[in-house]
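All figures in this text were calculated on a predicted structure; none of them were measured in a lab.
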Amino acid sequence: MEISINKTTASGFQKMAGFSLDTQSRHCSMHGEYQALQTPVGMSDCPRCNAQRQHEALLRQEALASERALLRRAAIPERFSDRRIDTFNATNQRAEVAQRLVRDYANGFGEARRTGRGMILCGGVGTGKTHLAIGAIHQVTTGGFTALYAVLLDTLRSIKDTYRKDSAVTETVAMARLTAPDLLVLDEIGVQHGTDTERMLMFSILNARYNQMKPTILVSNLAREPLETYLGERAFDRMREGGGRMVVFDWESYRGVRA
């Protein structure tokens with residue numbers, strides 16, 4: 001059955017909805033004159049302004065979806081998803097220097113990517129090393145580069161798992177995942193047992209990235225000297241290549257006072 005809606009019927013529907021056919025000529029400072037329609041909350045806004053606001057809202061949604069996709073690809077844990085360099089709690093002058101150094105590194109990552117220059121963040125527990133390292137990931141991915149966050153113990157385990165006969169992933173594929181991104185952040189360096197196999201795998205990761213001129217940020221709770229011993233001379237030398245530097249976080253934990 002067809003229903004015919006004439007002007008009178010349409011007017012009735014509008015009144016039921018709180019609208020009317022009353023219009024008023026209004027002026028928009030950006031788009032000039034327009035015909036405003038009477039609505040339950042007053043006269044309607046400029047239609048071109050409304051369209052622009054809807055477009056901007058859509059762009060914000062797309063940007064948020066893109067950022068979330070980048071976070072998934074970078075494997076940033078949910079707990080650290082909101083960490084940014086600028087939100088780092090620099091409680092002392094040394095912390096301010098560390099924040100500046102990481103910010104400068106992230107802002108100039110294009111040059112670091114060209115030279116393969118990495119960075120080491122080491123020192124006490126709860127001093128913000130992971131915060132700044134993940135903040136660097138956010139910064140470089142915003143600049144169009146790819147990045148990956150990984151805990152070394154989990155990384156070594158995933159490589160060792162490929163040695164099983166029933167493994168669906170080969171060591172080559174596991175290593176490729178670590179060498180593919182422009183930036184790799186390896187956290188919790190030194191928590192492992194430090195066996196010869198672990199040292200060999202650690203060096204293999206760093207060396208593969210070194211050969212492809214891809215920067216790595218190492219994060220460790222070890223002090224400078226123990227970390228150098230743990231990494232070994234060859235791996236530590238790779239991290240110093242191209243002007244790579246070590247930033248020491250030698251202040252007290254700020255987790256208890258964080259807002």
Side-chain angles (χ1 to χ4, degrees), residues 1-91 96 99-100 102-113 128 130-150 177 180-185 254-255 257-259:
M1 179 178 65
E2 294 186 1
I3 299 177
S4 176
I5 301 178
N6 56 31
K7 184 175 181 180
T8 302
T9 305
S11 177
F13 286 156
Q14 287 180 326
K15 288 179 179 179
M16 289 175 61
F19 288 82
S20 75
L21 294 175
D22 296 337
T23 61
Q24 186 180 102
S25 180
R26 291 204 166 189
H27 180 80
C28 171
S29 60
M30 292 186 63
H31 303 113
E33 296 296 323
Y34 71 94
Q35 290 298 309
L37 180 68
Q38 181 67 49
T39 74
V41 294
M43 301 304 290
S44 62
D45 293 332
C46 170
R48 294 176 65 183
C49 286
N50 284 336
Q52 183 174 336
R53 283 193 289 267
Q54 292 174 3
H55 178 65
E56 290 172 351
L58 179 61
L59 290 179
R60 287 194 295 270
Q61 292 176 358
E62 291 176 348
L64 181 60
S66 177
E67 181 180 4
R68 288 173 176 168
L70 286 172
L71 288 179
R72 288 194 296 271
R73 288 197 291 272
I76 295 177
E78 182 65 26
R79 178 176 292 276
F80 303 119
S81 62
D82 63 340
R83 302 301 196 263
R84 301 293 190 278
I85 295 174
D86 289 339
T87 62
F88 174 70
N89 185 13
T91 56
E96 291 176 359
Q99 182 183 35
R100 176 176 57 79
V102 175
R103 181 188 290 113
D104 290 347
Y105 178 84
N107 287 340
F109 186 74
E111 179 64 16
R113 178 63 181 84
T130 299
H131 182 136
L132 285 179
I134 289 180
I137 287 180
H138 281 289
Q139 189 70 27
V140 302
T141 53
T142 299
F145 296 97
T146 57
L148 176 67
Y149 172 85
R177 178 174 178 268
D182 297 309
L183 173 66
L184 173 66
V185 171
Y254 76 128
R255 283 179 181 158
V257 298
R258 205 178 148 189

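- At a threshold of 4.0 Å, the pair D86-R103 counts as salt-bridged, since one of the basic side-chain nitrogens sits closer than that to a carboxylate oxygen.
- Taking SG of C46 as the start and CD of E33 as the end, the distance is 10.5 Å to the nearest 0.5 Å.
- Looking at every heavy atom in both residues, Y34 comes nearest to P47 through CD1-CD, 3.7 Å.
- Here the OG1 atom belonging to T130 is positioned 11.5 Å from the CD1 atom belonging to I76, to the nearest 0.5 angstrom.
- How far SG of C49 is from CE of M30: 6.0 Å, rounded to the nearest 0.5 Å.
- Across all non-hydrogen atoms, the minimal contact from Q139 to I85 is CB-CD1, 4.5 Å.
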Could you go through the side chain to side chain contact (heavy atoms under 4.5 Å, CB included) check for R113 and L183 one step at a time? CA-CA 8 Å; R113 178 63 181 84; L183 173 66; over 6 Å; no
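- Not a single donor-acceptor pair under 3.5 Å links the side chain of S44 to the backbone N or O of A36.
- Between the H131 side chain and the F80 main chain, no donor and acceptor come within less than 3.5 Å of each other.
- R48 pairs by the salt bridge (Lys or Arg N to Asp or Glu O under 4.0 Å) definition with nothing, not counting sequence neighbours.
- Using a distance-only test at 3.5 Å, with no hydrogens or angles considered, no donor-acceptor pair links the side chain of T87 to the main chain of R83.
- With D182 contributing its side chain and T146 its backbone, the two residues share a donor-acceptor pair below 3.5 Å.
- Separating the CZ atom in F109 from the OG1 atom in T141 is a distance of 10.0 Å, to the nearest 0.5 Å.
- Rounded to the nearest 0.5 angstrom, M43 CE and S25 OG are separated by 9.5 Å.
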Show your working on side chain to side chain contact (heavy atoms under 4.5 Å, CB included) between R177 and L148 and close with a plain yes or no. CA-CA 9 Å; R177 178 174 178 268; L148 176 67; 3.7 Å; yes
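- Taken to the nearest 0.5 Å, the CG atom of D82 stands 7.5 Å off from the NE2 atom of H138.
- The two residues A112 and Y105 have their closest heavy-atom pair at CB-CE1, 3.8 Å.
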